[in-house]
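What follows is a single structure, written as structure tokens, with notes after it.
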2 protein chains.
Amino acid sequence: MTESGNPRERYRRQVRSEVKDLAWQQIAETGASGISLNAIAKKMGMSGPALYRYFANRDELMTDLIGDAYREIADVVSTAAAAEQDPAVKPAAIAHALRRWALAQPHRYFLVWGTPVPGYAAPPETVHSARRVMTALLDTFERLRASDERPLDEHLATHREWAGEHPAPPSALRRALTFWTRMHGVISLELAGQFTGTSFDPEQLFAEEVAAVLRESER
Amino acid sequence: MTESGNPRERYRRQVRSEVKDLAWQQIAETGASGISLNAIAKKMGMSGPALYRYFANRDELMTDLIGDAYREIADVVSTAAAAEQDPAVKPAAIAHALRRWALAQPHRYFLVWGTPVPGYAAPPETVHSARRVMTALLDTFERLRASDERPLDEHLATHREWAGEHPAPPSALRRALTFWTRMHGVISLELAGQFTGTSFDPEQLFAEEVAAVLRESER
DNA sequence: ATGCAGTAGTTAGAAGTTATAACGGTAATG
DNA sequence: CATTACCGTTATAACTTCTAACTACTGCAT
């Protein structure tokens, strides 16, 4: 499906993808703010303004990168969820898949869930990826009965439109949400290097957090 | 103590502080990457290169800002901890004080615990502020007996050099750590706008997370 | 095959940015 | 009072994004 279209369009897609590859490379070196259309163009053997035939401006490139990264996250989460059969193990499978991906692609992770950069953030199709992630989590916790009710459940019972038409009970919404925020808490601090200078293993901290959410479900 | 020194030094400090004020202002508008020494100089009524008498380069300014922000965080946390007497309420007091500050100063928060920007991050005195935060948390959880032991405790028992000479037991280290990562998980996603488009109240999610850590301590 | 339209690339240039260099004036100090 | 250290200035180099104007190629229809 990605190779349809006349040769011109195909070439166009090819160039765009090459630009994005180089952009990721540059992001890895200098961070998102250090990305330069000009430098990318030079590396591709053409003059600066040529790239403006492919991306209206820097922001459009960034937006595209964010969209791609978010799609990758959604893929990682949903394939991890699909791969694990045992409902009780699914959360851990998802969590570790996400962390593994994040450690391998820290910049992609931060582009999606890190500090928002004014100008380039939240492309429209992003909501679709976000929903895919949330759906995977809701599917997962829907199958695990909550070990108890929490005050938050009541609130979520009447504020659940973000879950779409998903039939998961409030307690599952709650655990999906806290599962997300807890994973993010550890992963983002780890990626940001906030644990450097400490000797403990972030993975063990992460595992404890996963276990903590699991404890909120019946076993 | 901040007003010591000869008039020259005082003037110098005054200018530096004015530069930083304008820098924060600019960060609030255009984000950390959009900060410009040139623009700041113009706003102060002087020519661009003049500022280089006060900051060697952009990175040094950024580094200074990060250091200040981290100090503010440490202040917020430790004063909140000192203000609340009841040990059982202290964690909540700290948490809500931190969240309140973060909501009021999102850019400062992100500069400290957000996406690391290659070049300007982790000034040396930052470790001091980090330790102040950690100490406040350890003091807090040291006074609350853990409701049970977790596998992570064992690991932390032998990897606790980041806690300095603090006498808190491993279970307190564990709760301090997860308290931090959980607060950060909710706060950073909220500040990043990841909850926009949802109608639930982030504060209630945050409160639930605080309660969750409290549940890991005896009441 | 011919001709036309759309696309892709080029250079030139405006308006920014960081940062250095070289030069003046000023202010505190010996 | 003279010297030294500091502060601010302009000029410049090397970047950046992005627009404008022009050229050349490619593919399609007649």
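Side-chain atoms are counted along with the backbone in the values below, which use heavy atoms only and exclude waters and symmetry mates. Numbered from 1 within each chain, the chains take letters A, B, ... in sequence-line order.
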Original post:
Is the distance between the ring centroids of A:His96 and A:Phe206 less than 6.0 Å?
Top reply: yes
**OP:** Would you classify B:Ser36 as touching base, sugar-phosphate or nothing, given that sugar-phosphate means primed atoms plus P, OP1 and OP2, and contacts are heavy atoms under 4.0 Å?
**Re:**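 Result for B:Ser36 = sugar-phosphate.
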**OP:** Under 4.0 Å between any heavy atoms, over every strand shown, what does A:Phe55 touch: base, sugar-phosphate, or nothing? Just pick one.
**Re:** nothing
Examine [N]: is either OP1 or OP2 under 4.0 Å from a nitrogen or oxygen in the side chain of [X]? Give yes or no.
| X | N | value |
| --- | --- | --- |
| B:Tyr11 | D:dG8 | yes |
| B:Tyr54 | D:dG8 | yes |
| A:Asn38 | D:dT17 | yes |
| B:Arg58 | C:dA19 | no |

Interatomic distance, [X] [atom1] vs [N] [atom2] [rounded to whole Å]:
| X | N | atom1 | atom2 | result |
| --- | --- | --- | --- | --- |
| B:Lys42 | D:dT9 | NZ | C1' | 15 Å |
| B:Arg8 | C:dT26 | CZ | C1' | 7 Å |
| B:Leu51 | D:dC7 | CG | P | 12 Å |
| B:Tyr52 | D:dA11 | OH | P | 18 Å |
| B:Arg13 | D:dC6 | CZ | P | 15 Å |
| A:Leu37 | D:dT19 | CG | P | 11 Å |
| A:Ile35 | D:dC15 | CD1 | P | 18 Å |
| B:Arg12 | D:dA5 | CZ | C1' | 12 Å |

**OP:** Mark yes when over 12 heavy atoms from residues, nucleotides or ligands other than A:Lys43 sit less than 6.0 Å from its NZ; otherwise mark no.
**Re:**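 Count over threshold, so yes.
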Subject >> Along DNA chain D (nearest heavy atom to each residue), the more 5'-positioned of A:Asp59 and B:Gly48 >> reply: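 Per heavy-atom nearest nucleotide, the more 5' residue is B:Gly48.
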Among the nucleotides [options], which one has an atom lying closest to any side-chain atom of [X]?
| X | options | result |
| --- | --- | --- |
| B:Arg53 | C:dA22, C:dT29, D:dC18 | C:dA22 |
| A:Ala39 | D:dT16, D:dA20, C:dA19 | D:dT16 |
| B:Ala50 | C:dT10, D:dT26, D:dG8 | D:dG8 |

Subject >> Parallel, tilted or perpendicular, as decided by the 30° and 60° cut-offs, for the rings of A:Trp113 and A:Trp180 >> reply: tilted
**OP:** Taking atom types as modelled, find out whether A:Thr135 and A:His166 have a side-chain donor-acceptor pair closer than 3.5 angstrom.
**Re:** no
Original post:
Is the shortest distance from a Lys or Arg side-chain nitrogen in B:Glu216 or B:Arg175 to a carboxylate oxygen in the other one below 4.0 Å?
Top reply: no
